Amino acid sequence: MACFLVSAGEALVVTAIEKGVESKEEKEMKETAEKAEETYRIPFSRKLHWLTNMLWGGALLLCFEHIWHGEVVPWFPFLTAAENPADTAAMLHEMSTIGVTMACIITVVWVVMVAVTKAMENRQIKLASGPEAVKEGK
């Protein structure tokens, strides 16, 4: 009924955080010279952008699905479940169970993506530092 609102809410919060991190990273880039090691690193703001894309995409897809089934309408109160108090309780239950679960799954998938990316970045840095660093296990 309205489970997409949970992902959309998380996407709003993460988008705001992403913009703050992005401006902080830009300031740091201007203040410090780039290190050779940082050329192999993806900025955290870009990784947050992956999460926002996943959350917004999921929310839009679910919103379309709810429009298709007539659960979201273009007139007030927009959600058909908000017209009847009994349906509102079911809608809030769906949001708190299915909506939160979906948002958490998206976030966990993103965390795994970031962990894999970090491992790949560390491996690339090791390889760039030379074959002797790889042999020594640095």
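Values reported hereafter were calculated over all heavy atoms of this structure, with side chains retained and with hydrogens, waters and symmetry mates removed. Computed from a predicted structure; not experimentally measured.
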Before giving the answer on side-chain hydrogen bond (donor to acceptor under 3.5 Å, both in side chains), spell out for Ser45 and Glu25 the whole-Å C-alpha distance, their side-chain angles and the decisive distance to 0.1 Å. CA-CA 8 Å; Ser45 60; Glu25 287 175 349; 2.6 Å; yes
Considering non-hydrogen atoms only, spot the tightest contact between Ala11 and Leu55 and give its length.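 Shortest heavy-atom separation between Ala11 and Leu55 comes out as CB-CB, 3.7 Å.
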Identify the heavy atoms of Leu79 and Ala2 that sit nearest to each other, and give their distance.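 Closest pair (atom of Leu79, atom of Ala2, distance): CD1-CB, 3.9 Å.
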Please list all pairs meeting side chain to side chain donor-acceptor pair (under 3.5 Å) that have one or both residues in residues 106-119, counting only residues at least two apart or in different chains. Glu10-Thr107
Return each pair, listed once, that meets side chain to side chain donor-acceptor pair (under 3.5 Å) where at least one residue sits in residues 86-105; pairs must be two or more places apart or across chains. none
side-chain contact (heavy atoms from CB on, under 4.5 Å), that's the test. Do Met113 and Met54 meet it? Break it down for me. CA-CA 12 Å; Met113 286 173 51; Met54 291 167 67; 3.9 Å; yes
Report the distance from atom CZ of Phe44 to atom CD1 of Ile17, rounding to the nearest 0.5 Å. 9.0 Å
Nearest-0.5 Å distance that lies between atom OG in Ser7 and atom CE in Met102: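 Between Ser7 OG and Met102 CE, I get 5.0 Å after rounding to 0.5 Å.
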Counting C-beta onward and ignoring hydrogens, is there a side-chain heavy-atom pair between Val21 and Leu48 closer than 4.5 Å?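 Touching, per the 4.5 Å side-chain cut-off.
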Kindly indicate whether the side chain of Leu51, heavy atoms from C-beta on, has any atom under 4.5 Å from the side chain of Val114.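 No, too far: nothing below the 4.5 Å cut-off.
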Counterpart residues, side chain to side chain donor-acceptor pair (under 3.5 Å), relative to Thr52 (two or more places apart):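 Testing Thr52 for side chain to side chain donor-acceptor pair (under 3.5 Å), a comparison that skips the adjacent residues, returns Glu18.
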Return the set of residues passing salt bridge (charged side-chain N to carboxylate O under 4.0 Å, His left out) with Glu121 (not counting sequence neighbours), or none when no residue passes.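 Glu121: salt bridge (charged side-chain N to carboxylate O under 4.0 Å, His left out) contacts with Arg41, Lys47.
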Excluding sequence neighbours, so at least two apart, what forms side-chain contact (heavy atoms from CB on, under 4.5 Å) with [X]?
| X | value |
| --- | --- |
| Pro77 | Ala82, Glu83 |
| Glu26 | Glu22 |
| Met120 | Val116 |

Is Phe78 reachable from Leu12 through a run of hydrophobic residues whose side-chain heavy atoms are each under 4.5 Å from the next?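 Per the 4.5 Å side-chain linkage, Leu12 and Phe78 are not co-clustered.
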Pairs where residues 4-30 contributes a residue and the test ring-ring contact (aromatic ring centres under 6.0 Å, His included) is met, not counting sequence neighbours: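 Sorted pair list: Phe4-His66.
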Who else is in the cluster with Trp75 when I, L, V, M, F, W and Y are joined by side-chain contacts under 4.5 Å? Val73
For residues 56-65, run the donor-acceptor check on the side chains, cut-off 3.5 Å, and write out each pair with its distance to 0.1 Å, sequence neighbours left out.
| unit_1 | atom_1 | unit_2 | atom_2 | d |
| --- | --- | --- | --- | --- |
| Trp56 | NE1 | Thr15 | OG1 | 3.2 |
| Glu65 | OE2 | His69 | ND1 | 2.5 |

Begin from the C-alpha positions of Asn122 and Lys126 and carry the test side-chain contact (heavy atoms from CB on, under 4.5 Å) through to its verdict. CA-CA 6 Å; Asn122 290 339; Lys126 269 188 197 179; 6.0 Å; no
